[in-house]
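Dropping a structure here in structure tokens format, bear with me for questions.
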Amino acid sequence: MSDRKLYRQKKQAELDKWQAELDKLKAKASSASADAQLEMNKRIEALEGKIEEGKTKLSALAEANDDAWERFKDEIEATWTSLQSAFSDAAAKFKG
């Protein structure tokens, strides 16, 4: 299997993991107080947007030719860094 396919599979698995974490946060939000739900829902909505951005980047990677995939790889890494940070922030906020 090519490095490109392996990379894409790895990133897809990470997106799947984040989607599962997002589902857990949604469940936690549904049992929170109304004020807490408002705050949590804002963060959840932002996370959903970032996950969609990640999906878009992976789709672009799948469609990119061999010469362009390195450029997409850099974009994906930046998106993943942003996603990781957003999930860390949300998890810290939801614990508190």
Interatomic spacing from NZ in K10 to CG in L15 - rounded to 0.5 Å: 12.5 Å
salt_bridge(K11, E14) N-O dist < 4.0 Å: yes
Note, L22 side chain near E48 side chain (heavy atom, < 4.5 Å): yes
Value rounded to 0.5 Å, distance of CZ in R8 from CD1 in I76: 8.5 Å
Test salt bridge (charged side-chain N to carboxylate O under 4.0 Å, His left out) applied to R43 - qualifying residues, sequence neighbours left out: E39
Distance (rounded to the nearest 0.5 Å) between E77 CD and Y7 OH: 3.5 Å
Heavy-atom pair with the smallest gap, counting every atom of T79 and K57: OG1-CE, 3.6 Å
Side-chain donor or acceptor of Q37 paired with backbone N/O of S30 under 3.5 Å: yes
Check: N41/E45 side-chain N/O donor and acceptor closer than 3.5 Å: no
NZ (K26) with more than 12 external heavy atoms under 6.0 Å: yes
Note, L47 side chain near W18 side chain (heavy atom, < 4.5 Å): no
CE on M40 to OG on S31, rounded to 0.5 Å: 7.0 Å
Would you list the atom pairs, donor with acceptor, under 3.5 Å between side chains in residues 49-56 and any protein atom, with sequence neighbours excluded?
| from | atom 1 | to | atom 2 | distance (Å) |
| --- | --- | --- | --- | --- |
| K50 | NZ | S82 | OG | 2.8 |
| E52 | OE2 | K55 | NZ | 3.4 |
| T56 | OG1 | E52 | O | 3.0 |

Salt bridge (charged side-chain N to carboxylate O under 4.0 Å, His left out) partners of K28, counting only residues at least two apart: none
Lys/Arg-Asp/Glu bridge criterion (N-O < 4.0 Å) met for E21, K24: yes
